[in-house]
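Only this structure's heavy atoms are used, side chains among them; waters, hydrogens and symmetry mates stay out. Being a predicted model, the structure only gives us computed values, none of them experimental.
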Amino acid sequence: MQFEVWAPQAERVTLQCEGVTHAMQRDPGRPGWWTAEAEAGDGARYGFALDDGPLRPDPRSRRQPDGPEGLSAVVDHGRHPWRARWPGRPLPGAVLYELHVGTYTPEGTLDAAAGRLGHLAGLGITHVELMPLCAFPGRHGWGYDGVSPWAVHEPYGGPEALKRFVDRAHELGLGVVLDVVHNHLGPSGNFLPEFGPYFTDTHHTPWGAAVNLDAPGSDEVRAYLLDSALAWLRDYRLDGLRLDAVHALVDTRACHFLEELSAAVDVLAAETGRPLFLIAESDLNDPRMITPRRENGLGLHAQWNDDFHHALHTALTGESQGYYADFARDPFAALAKTLTGGFFHDGAYSGFRGRRHGRPLDRSRMPAHRLLGYSQTHDQVGNRALGDRLSASLSPGLLACAAALTLTAPFTPMLFMGEEWAAGTPWQYFTDHTDPELAEAVRRGRRREFAAHGWAEEDVPDPQDPATRERSCLDWSEPEREPHARVLAWYRELIALRHTQADLTDPDLADIKVAHDAQARWLAFRRGDVRVAVNLGKEPASIPLGPRPARVLAAWDPVDAPGPDGLLHLPGESCVIIEQD
C-alpha cells in the first residue's frame, strides 16, 4: 500500500512499517508531500522519521493502539460488515442527546454504550451526540485534549467499536453526531509542529498558538482538518458533526474555513444520498454562522444557543455570577426574548463583556431548528466546581419545568446524559494525563480557579483522582426508583408530544407569543394551538390563557384546563401543556 505524509520542512523522511525502514520520495505533483510503498495490511504498525529524528505517529493516523505517542496502525475500512441500511435522519424535528462514552456506563466503552442505546430509542431521542472520541493520552478524560483527530480513542474500543456503535444506533433508528475539535490540540503527545506549520503565532487562542488557517502553509492545514471531518462522516457513516468553539478558529481569508467545510459536507451528503449536518458551538451570536452560503452566510446547519440556557438557568436557580449576570437582571424577560428572538445578546450591551455583543436574527427567515436549546450540557455541568447537575439543587417540579421549556421551545432540543431521570450523580472535570508535570499543573490550576470564586481548594475534586471519574458515571439503577422514575416518564411524555404535535416543531420564531409575571414567577407561551405554562414559584399561580375551549395534553401535576374565565390555575413548581382551539 502507499503511505504518504506532508512534511514540507524536512530534508529526508523515512517510513518504518512492521519494523522495516523505507526511504520516502518527494511527490513531484504535491509540494511538501512524501510517499513510499510498503507491504501492509489492517493492523500493521508504522511511523515516520523526519531527518533521522525519532519515530513519530502518522498525523493522519486512523488508529493509535498504544496511545497518541505510539506507532500508528493501518485501518482497512472496507473490512467492516455494515448491517444497518440507513437512509439518514435530518436535523429538523430532531431531539439530540449528548453522551460521554467514558461515563455513560461504568465500563466506559463504545460497546457498553451501544448496549444502552435501547433506552434512548425508547425515550424518543433521534440523534446521539458523542463527545470527542479522538485519541488522547491516558484512559479517561473529556476528550477535548485529543492529539490524533483522525483516530478513535483506543480505550473506548478503537475504530471497530465505533462502527459497531453506529450500526447499532442506526438499527434502532438513531442518528449519530460526533463532537470534533478543530480549534486546538492537546498539549501532550502533539507532534504536528514537527511535521509542518500546523500552528501560527499570527493569532493566539486560550490554548496558545492558533491553528494555522490563514498563514503560509495553511492550504494543507485546512485540508487536514476538512479531510478529517469528511472521514468521520464517510468512513463511520456518521450523520453530523458538532464543531467545538468555532469562535476560536481565527481565519482572515476571503473564504472562511467553516464555509469551505460546509460546502464539502453538502457535497458528501449529495454523493451518499444521506442528510449530513454541521452544528457549531459559537458564542459570537452571529447569524451568519447558520445562514446558507447562497445568502452569504457560512452555511452551517445549526448552532448551540447558550443564551437560552443562561436565561433558563437564572430563572430556575437565581444564580447571577459571571456570564449569568446579564440574564439575572430580569431572567423571565431574558427567557421571553430568547424564545421569540433566538439570541438574548443581539447587539445590546453585555455587562459581562463590557461591550455590545451579537446581532439580531431575522425571525422571518431563520428557522428555529437551526438553534439548539438545552437546560444542561457537559460544559454547563462539568465546568462547575463540583460538577453538580440541576437535580442537585432543584425540586423534581422545577426539573419538570426545565424539561417542559426545553422540549416545547422552538429550538432543536438537546439533553445531557442522565438529565432525563434527574441523575443524582455529578459530572465532574476529570483527566488522566500521563505527564506528571501537566497533571499537577491542571490540578493546581483547577483548584486555584475556583478558590478565586470562594471555594476551599480541598473541596474542588482532583481531576487526576480516578474516583472523580467514577463519581461521574451514571447510576443505571436510578431510573427504576423515585423520584427518578417519575421524571423519566415526564421526559418520555414530552418527547412523544413533540413528535406528534406539529405546532411544536414549527420553525417560525415570529409566530411565538410569550407572557410572563416575574413577581409571581410564571411564564407562558403560544405555539400555534399549543400553550405551554410553567410556574417556577412555590405558590399556585393564576395564568390568563383566554376563554377558548382547551384540553390538557400533558401536566406534571393534576390540573384542569382553563374555564370560562380563561384562567389556568397552576400549582407551584409545576407545568402544563394545553391545546386551545
For [X], what residues pass the side-chain hydrogen bond (donor to acceptor under 3.5 Å, both in side chains) criterion, not counting sequence neighbours?
X	answer
Arg486	Asp557
Arg444	Glu440
Thr314	none

Name of the residue among Asn285, Asp286, Asn183, Asp283 meeting side chain to side chain contact (heavy atoms under 4.5 Å, CB included) with His247: Asp283
Test of understanding: with ring-ring contact (aromatic ring centres under 6.0 Å, His included), list the residues that count as partners of [X], not counting sequence neighbours.
X	result
Tyr104	Trp476
His310	Tyr323, Tyr324, Phe327
His100	Trp427, Phe430
His301	none

Which pairs count as salt bridge (charged side-chain N to carboxylate O under 4.0 Å, His left out) when at least one residue sits in residues 333-342, sequence neighbours excluded?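 Output for this query lists Lys337-Asp346.
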Validation: residues 532-540 side-chain donor-acceptor distances under 3.5 Å, sequence neighbours left out:
unit_1 : atom_1 : unit_2 : atom_2 : d
Asn535 : OD1    : Gly537 : N      : 3.0
Asn535 : ND2    : Glu539 : O      : 2.8
Asn535 : ND2    : Leu570 : O      : 3.3
Asn535 : ND2    : Pro571 : O      : 3.1
Lys538 : NZ     : Glu573 : OE2    : 3.4

Quick check for you: to the nearest 0.5 Å, what is the distance between Ile495 atom CD1 and Leu123 atom CG? 4.0 Å
Quick one: side chain to side chain donor-acceptor pair (under 3.5 Å) pairs with a partner in residues 487-501, sequence neighbours left out?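 Residue pairs passing side chain to side chain donor-acceptor pair (under 3.5 Å), neighbours aside: Glu419-Tyr491.
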Does one side chain, of Tyr374 or Glu98, offer a donor that lies under 3.5 Å from an acceptor on the other?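 Tyr374 vs Glu98: no donor-acceptor pair found between side chains.
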We want to know whether Ser350 and Asp326 form a side-chain donor-acceptor pair, criterion being a heavy-atom distance below 3.5 angstrom.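 Note: Ser350 and Asp326 side chains meet the donor-acceptor criterion.
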Check: Arg471 side chain, Pro461 main-chain N or O, donor-acceptor pair, under 3.5 Å: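 No; judged by distance alone, with no hydrogens or angles, the pair does not exist.
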Partners passing side chain to side chain contact (heavy atoms under 4.5 Å, CB included) against Val460 (at least two apart in sequence or in another chain): Arg446, Arg447, Phe450, Trp455
Holding to side chain to side chain contact (heavy atoms under 4.5 Å, CB included), I want the full list of residues that pass it with Asp503, two or more places apart in sequence or in another chain.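 Listed in chain order: Asp529, Val530.
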